[in-house]
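Written out below as structure tokens is the structure these notes cover.
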Protein chains: 2
Amino acid sequence: MSRPKAARVSMADVARLAGVSSQTVSRVANGHSSVVGSTRQQVLAAMKELDYRPNSAARALKSGQFRTIGVILFTLSSTGNSRTLEAIADHAALQGYAITLIPVAMPTQDSVLGAFTRLGELAVDGVIVIMEVHLLDAATVTLPPNVQVVVVDSDAGDRYTVVDTDQADGARQAVAHLLELGHRTVWHVTGPEESFASQRRAQAWRDTLTAAGRQAPPALHGDWSAASGYRAGLALADEPGCTAVFVSNDQMALGVLRALHERGRAVPADVSVVGFDDIPDAGSFIPPLTTVHQDFAEVGRRCVDGILRQIERGETAHGTALVPTRLVVRDSTAPPPADR
Amino acid sequence: MSRPKAARVSMADVARLAGVSSQTVSRVANGHSSVVGSTRQQVLAAMKELDYRPNSAARALKSGQFRTIGVILFTLSSTGNSRTLEAIADHAALQGYAITLIPVAMPTQDSVLGAFTRLGELAVDGVIVIMEVHLLDAATVTLPPNVQVVVVDSDAGDRYTVVDTDQADGARQAVAHLLELGHRTVWHVTGPEESFASQRRAQAWRDTLTAAGRQAPPALHGDWSAASGYRAGLALADEPGCTAVFVSNDQMALGVLRALHERGRAVPADVSVVGFDDIPDAGSFIPPLTTVHQDFAEVGRRCVDGILRQIERGETAHGTALVPTRLVVRDSTAPPPADR
DNA sequence: CTACGTAATGTTTACGTAAACATCAGCTCG
DNA sequence: CGAGCTGATGTTTACGTAAACATTACGTAG
């Protein structure tokens with residue numbers, strides 16, 4: 001505080017100008033109990049004249065609430081994360097809560113970690129964790145006590161409230177769509193192993209095939225990036241029996257499309273491709289991608305509602321709430337070549 | 001607070017257990033002045049035993065600093081915004097600052113607005129604005145006094161510290177690259193009019209053509225989305241003289257590629273396309289996109305450094321600092337058809 | 001007409017921290 | 001050998017707010 005920063009206006013200042021006690025100012029500010037009209041007007045006028053702004057630090061100190069929700073995540077580079085975050089921020093703002101971002105370094109590179117092992121002293125009433133909880137444990141971040149938690153992309157329903165997209169049903173729809181088109185089986189490109197979402201999608205892919213009496217080919221592994229999808233796509237292009245692929249997210253699907261294109265395998269004539277997420281760009285891929293739509297806005301809304309229910313009403317409803325998905329059929333899927 | 005929340009541990013509690021005064025605890029906590037080794041050890045032991053966590057509200061009230069930076073933006077859906085945000089969050093965490101997200105509704109839909117006209121009472125030492133300032137003005141958000149501001153994507157260098165990518169030079173490199181390949185002129189797809197970045201890129205595109213003695217064709221207008229790029233691409237496909245396009249971001253370029261593909265105009269054989277941003281997926285487009293690389297990490301770092309310089313050292317260095325760009329040449333550009 | 005209830009407002013206090021000031025013991029220097 | 005200094009620690013106070021309690025004025029029921 002090197003500079004003499006323009007004097008902060010406090011309730012006392014407003015009270016003095018309005019000729020009332022500071023408690024009355026507080027009452028007006030909070031719309032509490034009874035303040036007669038004329039007094040209220042005077043106070044409001046004084047507030048306006050002085051450009052009074054409540055001091056949130058003092059308020060938090062007194063009330064023990066920060067009206068702030070922390071969001072913990074590894075990265076914003078995945079479309080899903082950033083869209084969930086945006087939905088959370090929008091909905092929280094609507095409820096009068098602010099969002100504090102808590103980036104955590106990957107467990108491998110704990111350089112940055114120290115910075116927010118201090119998480120404990122964070123001014124936050126609750127935390128939304130957008131990642132598999134086991135990873136959080138591994139990251140040696142200690143969640144402070146008395147802080148409510150809601151988790152996305154995890155199976156920790158027994159320990160926390162979990163909000164998630166219905167990964168399994170989405171994957172089932174994708175595979176079923178391909179089978180209905182007449183494909184004998186469906187190949188699969190997974191996300192990173194740590195991702196619970198990826199695990200769920202892979203499991204449902206396998207289960208759906210099995211339930212239909214089909215043999216599941218070996219899964220190929222990616223890391224959510226388009227580049228990893230491209231590598232998987234090259235491998236798939238060399239599988240002559242491969243006529244249909246379910247890719248665990250749209251970005252990897254983009255890479256798969258490029259690999260197939262470069263290897264002269266036409267989509268959807270030779271190979272059908274289905275993605276997951278329905279990112280805004282998916283409709284502009286070549287060809288426009290058939291994919292499973294995730295309702296990120298709804299996920300965000302439920303996260304915020306869930307955490308607020310815990311914070312404001314003390315309800316601790318563990319368990320998992322699933323947000324439904326729906327298949328968006330575009331031009332990357334068609335019956336297998338043999339059928340035509 | 002419906003529940004009896006486990007009693008908060010304060011400095012006084014730690015002091016009692018350690019048999020010292022609370023001021024000594026404060027000194028240990030802040031590494032301040034002199035505390036003899038043995039005393040320090042006792043205090044640290046007591047802290048650990050009680051799982052003491054400093055109360056940031058009280059600290060903020062006392063010090064007048066929140067160790068928090070607010071980030072104001074319209075949306076996270078543009079890759080640029082979310083990557084800049086991520087870079088800001090990472091770098092801020094490194095410096096021991098937290099990030100508070102402040103989403104602002106578009107000026108058109110002021111429904112959400114009320115929620116954060118309360119911005120004034122926000123617990124924030126400084127604000128980074130990721131949008132054209134005029135839009136911020138239009139959004140009727142009043143920035144509180146005594147809050148430092150750094151701006152991205154704006155020309156308000158006279159009022160604020162502005163950090164930005166060197167848009168003009170990036171656009172110049174893109175156009176120069178196409179001219180060097182032998183194209184007679186270069187078409188252009190802009191971003192939304194309000195975007196300062198888009199304006200700068202368009203201006204530099206025009207200037208570079210003029211400087212080379214070429215005629216600039218009419219610009220086509222998009223809104224950063226792939227869908228808008230697709231529409232522009234359809235129009236371009238109908239221009240027989242069009243052999244080269246500079247698109248103002250990669251997402252729109254994706255749409256342009258699809259439109260050209262659907263109309264049978266081969267890229268890069270018939271038409272060359274250059275994008276802007278170098279999003280992670282750009283290398284997986286069909287064909288891999290030649291584009292202007294933006295160093296978002298550097299932008300984020302400079303934003304944080306700039307705001308911290310203002311907050312902690314009171315330096316108010318207005319003006320604009322430009323982060324250099326570089327052209328990444330991939331497979332979407334080639335000499336014009338006539339040359340071959 | 002008095003006693004008591006109620007609405008409106010004022011006064012006191014505590015939240016947890018850290019700056020400012022106070023105290024105290026031990027040590028150095030003239 | 002004592003004045004004065006230094007380093008270690010304790011005590012007081014203020015930050016801005018809001019809950020809890022206190023006071024005042026006024027109206028009404030008995």
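All figures in this text were calculated on a predicted structure; none of them were measured in a lab. Naming: A, B, ... by sequence-line order, numbering from 1 per chain.
- What you find for Met11(A) and Ser26(A) is that their closest heavy atoms are CE-CA, 3.4 Å.
- A rotation axis mapping the C1' atoms of four pairs onto the next four is fitted at both ends of the helix from dC1(C)-dG30(D) to dG30(C)-dC1(D) over five pairs, and the angle between these axes is 50° to 10 degrees.
- Shown here for Asn81(B) and Thr75(B), the closest heavy-atom pair between the two residues is ND2-O, 2.8 Å.
- Listed here is the closest heavy atom pair of Ile99(A) and Ala92(A): CD1-CB, 3.8 Å.
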Report task. Using a 4.0 Å heavy-atom cut-off, write out nucleotides 14-23 of chain D from 5' to 3' as B (base contacted by protein), S (sugar-phosphate only) or - (no contact). Result -> BBBBBBB---
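- Atom-to-atom distance recorded for Asp164(A):CG and Cys303(A):SG is 9.0 Å, nearest 0.5 angstrom.
- Under a 3.5 Å cut-off, the side chain of Arg83(B) and the backbone N or O of Gly300(B) do not form any donor-acceptor pair.
- Of the side-chain N and O atoms in Thr24(A), one or more sit less than 4.0 angstrom from OP1 or OP2 of dG10(C).
- A salt bridge links Glu298(B) with Arg301(B): at least one charged nitrogen is closer than 4.0 Å to a carboxylate oxygen.
- Using a cut-off of 4.0 Å between Lys/Arg side-chain N and Asp/Glu carboxylate O, Arg302(B) and Asp305(B) are scored as not salt-bridged.
- When every heavy atom of Phe66(A) is checked against every heavy atom of Asp125(A), the shortest pair comes out as N-OD1, 2.8 Å.
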